[in-house]
Amino acid sequence: MNRNGRNMKFEKLSKKESFPYEFLLLADPSKELVDKYLKQSDVFVAIQNGETVGVVVLFPITMVEAEIKNIAVKPALEGQGIGSYLIKNVIKTAKQRKYQKLSIGTANSSIGPLYLYQKHGFEITDIIKWFFINNYPEPIYEDGLQAKHMIILTKDLTK
Ligand code: ACO
């Protein structure tokens, strides 16, 4: 169950299923970058009443560290706890897979995600300066704030 009280399921997409780009491109506007990490990642979806309502992508960095490359919720259903549901379940999956560290990178302008990740125990561990200026062809703005730097947050899964 999520906060809106409806039944939710967390499922891994099989390699045969098509990727939910309408979600993935909400979190990362570059299809080229998305396609690069999808090849090596597992894609999980949140299903509510038979409908995909969110997606989260888990990418293995090493044997002991994984990264959440992408997380997105259906825009009409934001703020109902689906993002938290995805984070909790991907943390659980990463622990089951014996990863010791889980990291996630987001823009300095992504205020909602920065709040969400810290609420779920991620700590800011690094900043990649000018990442969004150097890697995206068009300027990206969120709520009038330009995405410039990548903030890396990490959760210790051994605790
Ligand atoms: N400012 C402050 N707090 C916020 C904001 C905001 N803009 N947005 C959400 N929150 C808070 C909520 O109030 C809630 O707090 P609470 O648990 O204390 O009540 C908490 O964040 C989580 O809210 P949820 O309802 O669980 O999150 P939601 O279902 O809305 O999903 C998400 C969050 C995934 C970031 C969604 O807004 C989304 O899809 N955004 C567009 C895509 C995106 O930006 N993805 C992240 C990019 S980074 C990456 O993918 C690695």
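For ligands, and for the atoms within them, numbers begin at 1 and follow the listed sequence.
- Enclosure of atom CD in Q96 by more than 12 non-hydrogen atoms of other residues, nucleotides or ligands within 6.0 angstrom is indicated.
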Given side-chain contact (heavy atoms from CB on, under 4.5 Å), test F23 with V57 step by step and report yes or no. CA-CA 11 Å; F23 286 86; V57 176; over 6 Å; no
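- Those atoms of ligand 1 with a heavy atom of N70 less than 4.0 angstrom away are 50 (O).
- Counting heavy atoms of neighbouring residues, nucleotides and ligands inside a 6.0 Å radius, atom CG of N134 exceeds 12 of them.
- For a threshold of 3.5 Å applied to N or O pairs, the pair formed by L116 and ligand 1 contains no separation below that value.
- Contacts between D143 and ligand 1, counted as non-hydrogen atom pairs separated by less than 4.0 Å, are absent for every part of the residue.
- Checking only distances, G105 never comes within under 3.5 Å of ligand 1, N or O to N or O.
- By the 3.5 Å distance cut-off applied to N or O atoms, I71 is counted among the residues near ligand 1.
- The part of Y117 lying near ligand 1 is the side chain, judged by heavy-atom distances below 4.0 Å.
- The closest approach between any non-hydrogen atom of K69 and ligand 1 is below 4.0 Å.
- The heavy-atom pair separating I91 from H120 by the smallest distance is CD1-O, 4.1 Å.
- Residue T106 has no nitrogen or oxygen atom sitting less than 3.5 Å from a nitrogen or oxygen atom of ligand 1, judged on distance alone.
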Check the pair W130 / K148 against side-chain contact (heavy atoms from CB on, under 4.5 Å), numbers first and verdict last. CA-CA 5 Å; W130 312 113; K148 295 178 184 167; 3.8 Å; yes
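- For ligand 1 and I104, the ligand atoms under 4.0 Å from any heavy atom of the residue are 51 (C).
- When every heavy atom of T154 is checked against every heavy atom of K101, the shortest pair comes out as CG2-CE, 3.7 Å.
- Considering all non-hydrogen atoms of both residues, F59 and Y37 come closest at CD1-O, 3.8 Å.
- In summary, the atoms of ligand 1 found under 4.0 Å from a heavy atom of A27, numbered by their order in the structure, are 42 (C), 43 (C), 45 (N), 47 (C), 50 (O).
- Less than 4.0 angstrom separates some heavy atom of S84 from each of these atoms of ligand 1: 22 (C), 26 (O).
- Taking every heavy atom of G79 and a limit of under 4.0 angstrom, the matching atoms of ligand 1 come to 25 (O), 28 (P), 29 (O), 30 (O).
- Considering only heavy atoms from C-beta on, P29 comes within 4.5 Å of I140 through its side chain.
- The proximity of Q80 to ligand 1, defined as any non-hydrogen pair under 4.0 Å, is limited to the backbone.
- Evaluated by nearest non-hydrogen atom to atom 36 (C) of ligand 1, the leading choice among Q118, K119, E78 is E78.
- Atoms of ligand 1 found under 4.0 Å from any heavy atom of G81, numbered from 1 in the order shown, are 24 (P), 25 (O), 26 (O).
- No salt bridge links D28 with K36; every basic N to acidic carboxylate O contact stays at or beyond 4.0 Å.
- The nearest non-hydrogen atom to atom 8 (N) of ligand 1, considering only G112, A72, S109, P113, comes from G112.
- Between L145 and S109, the shortest heavy-atom distance links the atoms O-CB, 3.5 Å.
- With ligand atoms numbered from 1 in the order given, ligand 1 contributes 26 (O), 27 (O), 28 (P), 29 (O), 31 (O) to contacts under 4.0 Å with heavy atoms of G83.
- Each of the following atoms of ligand 1 lies closer than 4.0 Å to a heavy atom of L26: 42 (C).
- Classification of D35 and K31 as a salt-bridged pair holds, one side-chain N sitting under 4.0 Å from a carboxylate O.
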